[in-house]
Amino acid sequence: MNMKKRPALREAASVLAMLPTVLWAQAMESDPQAVSGGIDTVTISASRAADAWPVTTPSQTLSGAELVHRRQGGLGETIAGLPGVHLDSFGGGASRPVIRGQTLPRVEILSDGAALFDVSSVSPDHAVTTDPLLLDAIEIIRGPAAVRYGGNAVNGAINLIDSKVPTRLPAGGLAGATEVRYGTGDNEKTAVGRVTASMGRFAVHAEGVRRHADDYEVPDAYGADALRDSFAENTSYAFGASWITSKGYIGAAFTRMKSHYGLPGHSHLNGVCHTHDMDLHCTAHGGFDDPFGSPDSHAAVIRLRSDRVDIRADHDDPLPGISHARLRLSHTDYAHDEIDGDKLFTRYTNKVKDGRFELTHRPLLGFTGTLGAQYTDGTFSGINVEDLHVPFPENAYGLVPPYHHVTKNIGLFLSERRSFGAVDLELAVRKDWREIRVPAPTFLATMTPEYEAMFTEWYGSDWRRIIETEAVDSFLARNPGTKHNPFSASLGGTWTMGQGYSVGLSFGHTERAPNVRELYARGNNLSTNSYELGLAVDNPIFKEGKRPAGDVLESTNSIDLTLRKTGGPLDAEIGVFYQDVGDYIFARLIETEKATGVAHNFLAYTAADVRFAGIDGQVSYRVTPASRVTVSGDYVHARMKSMEDHLPRIPRGRLGVRYERNWGPLSADLDVSRTFGQSRIAAYETGTAGYNMVNATLVYRWDMGSRQSLEFYARGTNLTDELAFAHTSFVKNQSPLRGRSVAFGVRHAF
């Protein structure tokens with residue numbers, strides 16, 4: 001046996017063996033009593049998007065007190081630690097979830113069932129535009145229930161549930177909550193408020209959060225007290241209103257999010273890097289120069305603003321044969337500036353109009369299902385630009401940014417369900433038609449009279465039109481439009497065996513079209529210290545296969561097997577999965593250049609055949625009516641079938657145990673986990689050591705009557721102050737995880 005494979009096999013065996021063993025042993029006992037109030041767990045159940053039917057693959061919901069105590073400034077930090085969910089961190093301002101070894105764009109982020117449009121899928125230093133402090137619940141949806149959201153949900157859809165558009169009238173005409181918290185590890189100061197009021201059938205809602213955090217503390221072993229440029233500030237607010245009847249509602253909301261955060265590990269020294277054919281060169285010469293010309297002693301930051309308007313409606317029994325209708329309309333106006341010192345070196349924008357309509361029909365030949373359509377029209381800009389601060393030179397001509405990428409997408413989807421006794425079947429299909437075009441940007445010529453005379457002599461009196469046409473033709477040739485028509489389908493079944501046990505099995509085929517960066521990247525990405533070359537921009541590595549970029553569809557064939565136990569003292573859900581992926585799109589290393597002193601990787605996007613396999617889940621046992629112990633774990637193994645390399649940033653595995661106990665109004669929990677090290681690394685990666693994490697929460701809740709409560713809580717994270725690096729992070733060595741920190745909070749609900 002290959003010695004390098006033994007640690008991976010041992011970790012897989014430990015996860016596979018431990019969870020079923022606990023499940024079998026505890027199933028021999030019984031305790032009909034329920035755990036009393038005060039213990040909140042992560043619920044693994046059918047999602048609202050699945051219409052409360054049994055699902056064939058794990059579907060997690062994080063809500064209630066557990067969500068309140070786990071919330072951080074970013075989505076990734078908030079849900080990291082759930083079975084199968086890891087963290088792609090970039091300091092304190094940006095964090096993305098990693099599900100079963102993969103992150104955005106293979107995970108879709110939703111806002112109450114509608115796509116959340118920002119630029120977090122384009123680069124890891126871009127924040128997901130949601131504030132977990134304002135969410136009611138976070139759902140992780142997989143399997144047939146996720147197919148309706150398209151190919152980007154191949155590893156799951158994360159549905160963010162909020163109250164900004166009221167869906168029901170508040171009891172007594174008024175409801176809300178306030179919260180303040182302070183964090184020791186980063187001097188966090190946060191204030192949150194929300195209120196919903198009603199008059200007759202009309203309800204209005206207002207909410208807001210203000211959060212400020214300094215650079216977060218890291219363990220002394222890192223060589224510094226705090227991680228430089230890991231600070232984050234955030235302000236979010238929303239106003240909404242609805243007309244609510246006994247059959248549904250229609251409402252609208254406006255949301256604004258503003259954020260300012262640092263980029264740890266960022267360096268602009270490689271801004272000078274450029275290519276000569278397939279050779280990366282990081283020395284200034286000729287027309288290639290350093291666009292910054294200053295040291296890395298000042299902070300690199302992102303200033304973000306996102307405005308979004310949502311229109312939402314749900315209505316029961318709108319037409320004969322139709323049991324429910326759902327409408328989701330949104331308009332997103334997103335922009336962020338990337339600033340190095342006092343220099344604005346790039347600006348990202350994303351303006352998107354999106355509409356989604358669903359009709360759920362009554363039983364027909366025993367089947368109940370939903371038919372829907374989605375239309376998206378978006379204009380994105382930002383990639384391949386890092387010198388906005390450099391003025392256009394005199395006696396020069398060319399195309400100037402922004403470079404817009406215009407996307408239009410039409411999607412149709414259908415999901416159907418039917419019960420055959422103890423077996424529930426679930427089928428879902430979706431077809432998309434997507435087109436991206438890249439219109440030519442503005443042409444600029446700054447010629448003095450002397451140069452105009454020279455160009456007139458060379459080209460004639462129509463010289464400006466001639467050189468503009470040449471520049472535009474060259475640009476369009478290097479940025480061709482693309483069309484993709486992905487198709488996804490999934491078939492699953494759940495067999496309810498009795499006594500709370502069930503088994504789910506699903507088969508899926510998912511096609512994902514490459515995103516804008518994977519297609520059109522051509523230049524430096526300073527956040528990841530890389531020079532990137534997309535599929536569609538005359539990429540010689542990809543062109544070796546003599547295929548146009550429009551032919552590339554990442555195609556995943558998957559099998560999921562899920563074992564569940566509900567009811568009684570024992571609750572469990574364990575999922576085993578296998579994915580065979582054709583044309584998996586990834587950035588392949590061409591070379592690494594170290595001329596500036598900071599390593600810069602030349603990466604060319606290409607497609608290869610890979611496979612993923614793994615297990616994740618948790619087993620929870622109620623020891624007494626007031627206490628519970630939960631064992632959880634996950635493991636993923638990725639293998640490239642067509643290249644001698646490994647995929648980058650794949651987490652290894654994790655095991656954890658959690659104990660919860662309550663004493664009436666007082667409750668506490670202790671969470672201990674082990675994340676294993678990763679030695680299966682890509683050519684440009686380094687191995688990552690494993691680490692332990694100890695977290696704990698103490699809560700006192702005072703019921704004040706009249707639907708009012710007051711809660712005091714303290715949540716400690718990384719209590720042993722262990723130096724930990726997330727292998728899933730692009731800047732893992734420059735951005736370790738947080739050191740010891742305790743968040744103290746007071747929450748009042750009324």
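All values derive from a computational prediction rather than experimental measurement.
Side-chain atoms of Gln60 and Val85, non-hydrogen and from C-beta on, do get closer than 4.5 Å to each other. With a 4.5 Å cut-off on side-chain heavy atoms, Phe676 and Leu655 count as touching. Between Val672 and Asn692, the closest side-chain pair of non-hydrogen atoms is not below 4.5 Å. By the 4.5 Å heavy-atom criterion applied to side chains, Gln102 and Gln579 are counted as neighbours. In this structure, the side chains of Arg564 and Thr562 come closer than 4.5 Å at one or more pairs of heavy atoms. When side chains are defined from C-beta on, Val631 does not count as touching Tyr621, because their heavy atoms never get closer than 4.5 Å. At a threshold of 4.5 Å between non-hydrogen side-chain atoms, the residues Glu722 and Met693 do not count as touching. Inter-residue side-chain proximity for Ser555 and Asp583 is flagged as unmet; no heavy-atom pair is nearer than 4.5 Å.
Open room surrounds CG on Asp220; 12 or fewer heavy atoms of other groups in view lie less than 6.0 Å from it. Other residues, nucleotides and ligands contribute at most 12 non-hydrogen atoms within 6.0 Å of the CG atom of Asp225.
Within the 3.5 Å criterion, the main-chain N or O of Ala638 finds a donor-acceptor partner in the side chain of Arg680. Using modelled atom types, no side-chain atom of Thr592 and backbone atom of His600 make a donor-acceptor pair closer than 3.5 Å. Put simply, the side chain of His86 never gets that close to the backbone of Val98: no donor and acceptor are under 3.5 Å apart. Looking at Ser729, its side chain does come within 3.5 Å of a backbone N or O of Ser89 through a donor-acceptor pair.
Annotation: cation-pi pair Arg649/Phe730 present, NZ/CZ under 6.0 Å from the ring centroid and within 45° of its normal.
Closest heavy-atom contact between Arg70 and Arg715: CA-NE, 4.1 Å. Taking every heavy atom of both residues into account, Pro83 and Arg142 meet most closely at O-NH2, 3.9 Å. Scanning all heavy atoms of the two residues, the minimum distance from Asn718 to Gly739 falls at ND2-CA, 3.6 Å. Heavy atoms only, all atoms of each residue included: Pro264 and Asp229 are closest at CD-O, 3.2 Å. The heavy-atom pair separating Ser63 from Ala137 by the smallest distance is CB-CB, 3.8 Å.
For residues 727-742, every residue pair satisfying the salt bridge (Lys or Arg N to Asp or Glu O under 4.0 Å) rule, not counting sequence neighbours, is listed here: Glu77-Arg738, Asp186-Arg738.
Atoms CG and CD1, on Asp118 and Ile109 in that order, are 8.0 Å from each other to the nearest 0.5 Å. Note: Asn152 CG to Asn155 CG = 11.0 Å, rounded to the nearest 0.5 Å. The line from CZ of Arg517 to OG of Ser123 is 5.0 Å long, rounded to the nearest 0.5 Å.
For Phe231 and His260, the ring centers sit closer than 6.0 Å to each other.
A salt bridge does not link Glu711 to Arg747: none of the charged nitrogens lies less than 4.0 Å from a carboxylate oxygen. Ion pairing of Arg96 with Asp88 is present here, as a side-chain N (NZ or NE/NH1/NH2) and a carboxylate O approach within less than 4.0 Å.
Asn695 and Thr717 share no side-chain donor-acceptor pair at under 3.5 Å. One side chain, Arg628 or Ser620, offers a donor N or O that lies under 3.5 Å from an acceptor on the other.
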Discussion item. The test is side-chain hydrogen bond (donor to acceptor under 3.5 Å, both in side chains); show your working for Tyr182 and Asn187 and say whether it passes.
Written reply: CA-CA 7 Å; Tyr182 173 77; Asn187 196 30; 3.1 Å; yes
